[in-house]
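Worksheet: one structure, shown below.
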Protein chains: 2
Amino acid sequence: MLREYKASIFQALAHPTRIAIVEVLREGEVSARAIQDRLGIEQANLSQHLAILRSRQIVAHRKEGNQVFYSLRHRVLGKVLDLMRQYFQANLADAAQMLDEVRAERPAR
Amino acid sequence: MLREYKASIFQALAHPTRIAIVEVLREGEVSARAIQDRLGIEQANLSQHLAILRSRQIVAHRKEGNQVFYSLRHRVLGKVLDLMRQYFQANLADAAQMLDEVRAERPAR
DNA sequence: TGCGAATATTCGGATAATCGAATATACTAA
DNA sequence: TTAGTATATTCGATTATCCGAATATTCGCA
């Protein structure tokens, strides 16, 4: 039950684009358009990823006129990302090798 | 690049069974068989999940005779799970509702 | 009113994840 | 060697995720 919840949060973060979104939002409230510009991705694609983050209640959104501003609901998630960075650095050598292997399995995206 | 790595770790944790495995391993080194008994899942299924955790270097394994003992490579991951629990409790009401919704989308597993 | 910008949703195809069943491998002990 | 236990791998079917293209929706402004 708690595990299912945790899994659903991890799953929401299990995509490079969504991690990038969360990292942008750590700076504060940002409009969808601004996120799109900064990440340089398709509008529809961003919107889909935002929908996932919304459905997990990871982000809050607020409409203002034409735009929608997104923000992180809880700074704990930022901390989680920091811990991951720590984890990454502690395993730097292994991690680089692991990434290669993971990529080798499904090449050329 | 760093994001891809983080995403791959999150993805490895994005399953209730694998979270359960990590939680068992927080206690120390445990044999595959013991994990299987505690979780009450199919042998093949456990082995598949362990393979994923291995491929991400989340767990270490050590053969001893007939058995294979698994352990967490890095306790930071335990901390991440703790943060998640914190996060869960801070959002308890919302989280419960969110879980219902997530489950409603793909019912009856 | 009608147009354009910002955002969301739907659709279809491609790829990936998941499971149990079957099978393979490795080791121990008789 | 043979039997039995522990673990891993492969296979095929089912379900989920991902993307871009197309389409909707919502709002502000001329």
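To find a chain, count down the sequence lines: A is the first, B the second, and so on, and within it residues start at 1.
- Put simply, CZ on B/R33 is 16 Å from C1' on C/dC27, counting in whole angstrom units.
- Distance, B/R62 CZ to D/dA8 P: 14 Å, rounded to whole Å.
- Of the residues A/Q57, A/R56, A/R54, the one that meets the side-chain contact (heavy atoms from CB on, under 4.5 Å) test with A/R73 is A/Q57.
- Salt bridge present: B/D82 and B/R26 bring a charged side-chain N and a carboxylate O closer than 4.0 Å.
- The interatomic distance linking B/R38 (CZ) with D/dA6 (P) rounds to 17 Å, in whole Å.
- Between B/L13 atom CG and B/I58 atom CD1 the span is 4.5 Å, to the nearest 0.5 Å.
- In this model, the phosphate group of D/dT17 is not approached by any side-chain N or O of A/H49 to a distance below 4.0 Å at OP1 or OP2.
- The CG atom of A/L53 sits 11.0 Å away from atom NE2 of A/H15, with the distance rounded to the nearest 0.5 Å.
- Here B/Y70 lies in heavy-atom contact (under 4.0 Å) with sugar-phosphate atoms only.
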Restricting to nitrogen or oxygen on both sides, can you table the protein-nucleotides 20-24 of chain C pairs closer than 3.5 Å?
| unit_1 | atom_1 | unit_2 | atom_2 | d |
| --- | --- | --- | --- | --- |
| C/dG20 | OP2 | B/N45 | ND2 | 3.4 |
| C/dG20 | O6 | B/Q48 | NE2 | 2.9 |

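- A straight line from CG of B/L46 to P of D/dA8 spans 8 Å, rounded to a whole angstrom.
- B/V59 and B/V76 fall within the same hydrophobic cluster, defined by Ile, Leu, Val, Met, Phe, Trp and Tyr side-chain heavy atoms under 4.5 Å apart, directly or through other members.
- Not one side-chain nitrogen or oxygen of B/Q36 sits closer than 4.0 Å to the OP1 or OP2 atom of D/dA6.
- With respect to the salt-bridge test (charged N to carboxylate O, under 4.0 angstrom), the residues A/R38 and A/E27 qualify.
- For the pair B/R18 (side chain) and B/A12 (backbone), a donor-acceptor distance under 3.5 Å is present.
- D/dT5 atom P lies 14 Å from atom CG of B/D37, rounded to whole Å.
- Between the P atom of D/dA8 and the CD1 atom of B/I41 lies a distance of 12 Å, rounded to the nearest Å.
- Side-chain nitrogen and oxygen atoms of A/H15 include at least one within less than 4.0 Å of the OP1 or OP2 phosphate oxygen of D/dC19.
- Side-chain N/O atoms of A/R18 include one lying less than 4.0 angstrom from OP1 or OP2 on D/dC18.
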Pairs under 3.5 angstrom, nitrogen or oxygen only, protein versus nucleotides 25-30 of chain D, please.
| unit_1 | atom_1 | unit_2 | atom_2 | d |
| --- | --- | --- | --- | --- |
| D/dT26 | O3' | A/K63 | NZ | 3.4 |

**Study point:** Steps toward side-chain contact (heavy atoms from CB on, under 4.5 Å) verdict (A/E23, A/L81)
**Key:** CA-CA 8 Å; A/E23 280 172 355; A/L81 290 183; 3.9 Å; yes

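- Of the candidates C/dA8, D/dT7, C/dT7, C/dA8 carries the atom nearest the A/L50 side chain, counting heavy atoms from C-beta on.
- At whole-Å resolution of the value, CZ in B/F69 and P in D/dT7 are 8 Å apart.
- Under a 4.0 Å N-O distance rule, the pair A/K6/A/E4 does not qualify as a salt bridge.
- Rounded to an integer number of Å, the gap from CD of B/Q67 to P of C/dT28 is 10 Å.
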